[in-house]
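Bear in mind that the values here come from a model prediction, so they are computed numbers and not experimental data. Just follow the structure's listing: the first ligand is 1, and inside any ligand the first atom is 1. All values below come from the heavy atoms of this structure, side chains included, with hydrogens, waters and symmetry mates left out.
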Amino acid sequence: MTTLLEVSGLTRRFGGLVAVNDLSFQINEGEIVGLIGPNGAGKTTVVNLVSGVIRPNAGTIRFAGADVTNQPSHRLASRGLVRTFQSTAVYRECTVRENAERGTFLQCYPGHLAAFLGTPHARAMHKAGRERAAELLAWLGLEHLADTKANALPYGHQKTLGIVIALAAQPRLILLDEPVAGLSAEETDHVRDTILRVRERGISVMVIDHNMRFIKGLCDRLFVSAQGCKIAEGTPEEVLANPQVIEAYLGKAYAVAERQ
Ligand SMILES: Nc1ncnc2c1ncn2[C@@H]1O[C@H](COP(=O)(O)OP(=O)(O)OP(=O)(O)O)[C@@H](O)[C@H]1O
Ligand SMILES: [Mg+2]
């Protein structure tokens with residue numbers, strides 16, 4: 001298997017708090033990897049670090065064979081590393097189609113001046129973006145919602161739209177922070193199926209969530225973080241049966257998930 005993302009010794013402090021502590025992990029091409037752990041374990045901070053939103057105090061991040069530590073988000077996006085946000089991050093006043101088209105700009109924006117002047121290059125890029133967005137909406141069965149404003153969509157579809165925006169940038173790896181938080185069981189299954197289809201395209205996925213039924217039905221491999229440190233790693237079956245994981249985290253979360 002080819003390694004796509006390789007994180008070594010990642011550390012991030014906020015004042016006296018070590019939110020991420022000497023964390024190392026890797027994600028292979030075409031893999032779906034889950035990151036789980038209690039509230040405040042540093043999971044979102046890991047995503048913020050890997051996606052270039054914040055910088056690490058120590059450690060290295062390699063993506064597709066290149067050292068990308070300290071690179072800003074837009075440069076990582078153009079390399080194929082794209083994230084979604086824990087809260088729904090859609091352009092609320094725009095239609096579903098416009099949201100998907102905006103996602104394509106993450107990878108190929110012609111520049112403000114070229115866009116303003118409408119140069120042939122800018123027009124060609126817009127056309128390619130429109131076509132890619134239309135193809136994505138059709139592929140995910142969202143065509144019928146293309147002209148609906150994002151803020152009029154049910155919450156579940158808003159979450160899916162966040163994934164569409166990420167996909168529109170033609171990523172090789174997407175990082176999903178709590179894609180099913182607040183969703184019903186049915187909506188959760190829909191998002192899970194969407195992510196499984198994303199992988200069919202050869203795209204790797206790193207996903208954070210507290211819903212263990214969702215994580216179990218989705219991930220090839222999990223790792224668990226507690227107080228910024230990795231405490232376990234393995235297949236979902238191995239990790240979810242690990243006494244240390246149950247004690248640090250799962251006791252409560254697992255019981256809740258099993259009831260759903
Ligand atoms: N920008 C920041 N400034 C100061 N402290 C921060 C900042 N971001 C995160 N933290 C702290 O770092 C720790 C890890 O936070 P993080 O949001 O990464 O946890 P999490 O595992 O995503 O939690 P949750 O499951 O609740 O989403 C927390 O103690 C949090 O308060
Ligand atoms: Mg978080």
Can you list the residues that meet the salt bridge (Lys or Arg N to Asp or Glu O under 4.0 Å) rule with Asp22, with sequence neighbours excluded? none
Got a sec, which pairs hit ring-ring contact (aromatic ring centres under 6.0 Å, His included) with one end in residues 32-61, sequence neighbours left out? none
Show which atoms of ligand 1 fall inside a sub-4.0 Å distance from at least one heavy-atom site of Asn39. 23 (O), 24 (P), 25 (O), 26 (O)
Kindly say whether Asp147 contributes a backbone atom to a donor-acceptor pair with the side chain of Arg97 at under 3.5 angstrom? no
Which residue from Gly15, Ala19, Gly40 reaches closest to atom 23 (O) of ligand 1 through any of its heavy atoms? Gly40
Do the side chain of Thr95 and the main chain of Thr148 share a donor and acceptor less than 3.5 angstrom apart? no
Numbered in order shown, the ligand 1 atoms found under 4.0 Å of a heavy atom of Glu178 are 25 (O), 27 (O)
Checking Thr11 against Val20 for the side-chain contact (heavy atoms from CB on, under 4.5 Å) test, could you report, in this order, the C-alpha distance in whole Å, the side-chain angles of both residues, the deciding distance, and whether it holds? CA-CA 5 Å; Thr11 299; Val20 177; 5.9 Å; no
Is any N or O atom of Phe14, backbone or side chain, closer than 3.5 Å to an N or O atom of ligand 1? no
Where do Gln26 and Phe223 land on the side-chain contact (heavy atoms from CB on, under 4.5 Å) test, with the steps shown first? CA-CA 10 Å; Gln26 63 182 52; Phe223 68 96; over 6 Å; no
For Val53 and Arg83, what are the C-alpha separation, side-chain angles and deciding distance, and is it a side-chain contact (heavy atoms from CB on, under 4.5 Å)? CA-CA 10 Å; Val53 174; Arg83 59 90 58 87; 3.2 Å; yes
Answer yes or no for Thr44: is there an N/O/S atom below the 2.8 Å cut-off from the Mg ion (ligand 2)? yes
Which atoms of ligand 1 sit under 4.0 Å from any heavy atom of His210? 25 (O)
Regarding ligand 1, does Leu17 bring an N or O atom to under 3.5 Å of one of the ligand's N or O atoms? no
Does the N or O separation between Gly37 and ligand 1 drop below 3.5 Å for any pair? no
Report the member of Gly42, Pro38, Gly228 with the shortest heavy-atom distance to atom 19 (O) of ligand 1. Gly42
